[in-house]
Amino acid sequence: MTDVANEPAGYTRTQILLHWAIAALVVLQLVIGEDIKPAYRALSRGTEPAAADMFNANVHVYAGLAVLVLAIWRLALRLQRGIPVAPSEERVLLKRIAAATHSLLYLFIFGMPITGALAWFLNLDAMGEIHELAKPVIIVVVTLHAAAALWQHFYLKSDVLVRMLRPAARRMS
Ligand code: HEM
Ligand code: HEM
C-alpha cells in the first residue's frame, strides 16, 4: 500500500485514540441524555433547576462539547493526512455503504453538539427536537457500523478492525 498524501498505510495513534474517545463519549451521551431534561425544562420555564439536576445537565453539556472539540481535531487530521483505503478485494457497493456510514457518523458528531448547544444556550426548542429525534437514528447507524466492523474482522477476515486498534508502523515521512 502506498503512503502518499491522503492514502496512508493506516491510522495514526492519535486518530485511533480520537476514534475510541469519541465513541465512548457518544455512547455515554446516549445513555445519560435524558438526565439533562429536568434542568432544561426548569430553565425553559424560567425556574431555578435543582442542584442535582444542574449537575447532571452540566455533565451532558461538557461531555457533548468535548465530542465537538475532538471531532474538529479528528476531521482536521483526516483532511490533512487522509485515511487508509478500503481493502482492495472489497466490493464497490460495500465501499460506498462504508463511506456513506462514516459520513453520517461525522454528521452526528458535529450535528449533535451543535443542535444541543443551540437548544441549551439559545433556548431554541426546535433544535432540541431535532437533537432528540436523532437519538434512535444514531443508535441504528452506530449499531450497523459496529456490526460491520465485527463482520469485517470475523467473517471477511480483513484488517479493517485491527487498523482501528493498532497504529500503522512508524514511517520515515
Ligand atoms: C459512537 C460510536 C462511533 C462513532 C461516532 C464512530 C465513528 C467512526 C468514523 C467517522 C469512522 C471513519 C474513519 C474516519 O474518518 O476517521 C470510523 C471508522 C471505524 N470504526 Fe467507528 N465509530 C464508532 C464506534 C465504533 C465501534 C463500537 C466500533 C467497533 C466495534 C468501530 C469500529 C470502527 C472501525 C474498525 C473503523 C475503521 C474503518 C476503516 O478503516 O475503513 N467504531 N468510525
Ligand atoms: C455527541 C453529543 C451528544 C449526544 C450524542 C447527545 C445525546 C442526547 C440524548 C440521547 C438526549 C435525550 C433525548 C431523548 O430523551 O429523547 C439529549 C438531550 C439533550 N441534549 Fe444532548 N447530546 C449531545 C450533546 C449535547 C450538547 C453539547 C448539549 C448542550 C450544549 C446538549 C443538550 C441537550 C439538551 C438541551 C437536551 C434536551 C432536549 C429536549 O428535551 O428538548 N447535548 N442529548
Side-chain angles (χ1 to χ4, degrees), residues 6 8-12 14-44 49 56-71 73-79 81-87 90 94-95 97-154 156 158-166 168:
N6 294 324
Y11 295 97
T12 62
T14 312
Q15 282 177 307
I16 293 171
L17 285 175
L18 285 169
H19 174 270
W20 294 110
I22 291 173
L25 283 169
V26 168
V27 172
L28 172 79
Q29 291 294 81
L30 292 172
V31 173
I32 66 164
E34 305 245 353
D35 295 353
I36 193 177
K37 289 182 160 187
Y40 183 61
R41 297 278 170 269
L43 291 170
S44 304
N56 288 339
N58 277 328
V59 172
H60 187 77
V61 167
Y62 291 112
L65 292 178
V67 171
L68 182 60
V69 172
L70 297 179
W73 183 4
R74 178 171 178 181
L75 186 63
L77 279 182
R78 185 187 160 131
L79 294 176
R81 184 178 183 277
I83 55 163
V85 288
E90 196 170 288
L94 220 57
K95 285 183 191 169
I97 294 174
T101 310
H102 294 166
S103 303
L104 266 180
L105 289 166
Y106 269 106
L107 184 71
F108 293 141
I109 59 180
F110 278 91
M112 285 306 273
I114 290 171
T115 51
L118 290 172
W120 179 253
F121 295 113
L122 300 182
N123 238 314
L124 294 178
D125 278 346
M127 289 297 143
E129 296 283 318
I130 295 173
H131 192 79
E132 285 190 310
L133 287 173
K135 177 183 173 179
V137 186
I138 298 180
I139 292 174
V140 170
V141 175
V142 167
T143 305
L144 283 177
H145 172 66
L150 297 174
W151 179 62
Q152 282 274 357
H153 185 74
F154 292 107
L156 298 181
S158 75
D159 68 342
V160 163
L161 180 58
V162 172
R163 71 190 189 180
M164 199 39 111
L165 295 169
R166 213 181 291 148

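Both counts, for ligands and for their atoms, begin at 1 and track the order of listing.
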Heavy-atom proximity to atom 30 (C) of ligand 2, best of Ala117, Gly128, Ala57, Ala134: Ala117
Student check: side-chain heavy atoms of [X] and [Y] closer than 4.5 Å:
{"X": "Thr101", "Y": "Val141", "answer": "yes"}
{"X": "Ile130", "Y": "Leu118", "answer": "no"}
{"X": "Glu90", "Y": "Ser158", "answer": "no"}
{"X": "His102", "Y": "His145", "answer": "yes"}

Specify the protein heavy atom at minimum distance from [atom]: its residue, its atom name, and the distance to 0.1 Å.
{"atom": "atom 35 (C) of ligand 2", "value": "Tyr40 CD1, 3.6 Å"}
{"atom": "atom 15 (O) of ligand 2", "value": "Lys37 NZ, 3.1 Å"}
{"atom": "atom 13 (C) of ligand 2", "value": "Glu132 CG, 3.7 Å"}
{"atom": "atom 10 (C) of ligand 2", "value": "Lys135 CD, 3.5 Å"}
{"atom": "atom 28 (C) of ligand 1", "value": "Trp20 CH2, 3.4 Å"}
{"atom": "atom 38 (C) of ligand 1", "value": "Val160 CG1, 3.7 Å"}

Phe121: numbered ligand 2 atoms lying under 4.0 Å from its heavy atoms: 30 (C)
Phe108 near ligand 2 by a heavy-atom separation under 4.0 Å: no
Below 4.0 angstrom from a heavy atom of [X], which ligand 1 atoms are there? Numbered from 1 as shown, please.
{"X": "Val26", "answer": "1 (C)"}
{"X": "Tyr11", "answer": "13 (C), 37 (C), 38 (C), 39 (C), 40 (O)"}
{"X": "Arg78", "answer": "14 (C), 15 (O)"}
{"X": "Ile109", "answer": "5 (C)"}

Close approach, Gln15 and ligand 1, non-hydrogen under 4.0 angstrom: no
Ligand 2 N/O within reach of Arg41 N/O, cut-off under 3.5 Å: yes
Any donor-acceptor pair under 3.5 Å from Gln15 side chain to Thr12 backbone: yes
Backbone of Met164 reached by a side-chain donor or acceptor of Trp20 within 3.5 Å: yes
Within-2.8 Å protein N/O/S contacts of atom 21 (Fe) of ligand 2: His60 NE2, His131 NE2
Tyr62 atom OH, neighbour heavy-atom count above 12 within 6.0 Å: no
Trp151, portion touching ligand 1 at heavy-atom distance under 4.0 Å: neither
For atom 21 (Fe) of ligand 1, every protein N/O/S atom that sits closer than 2.8 Å, waters excluded: His19 NE2, His145 NE2
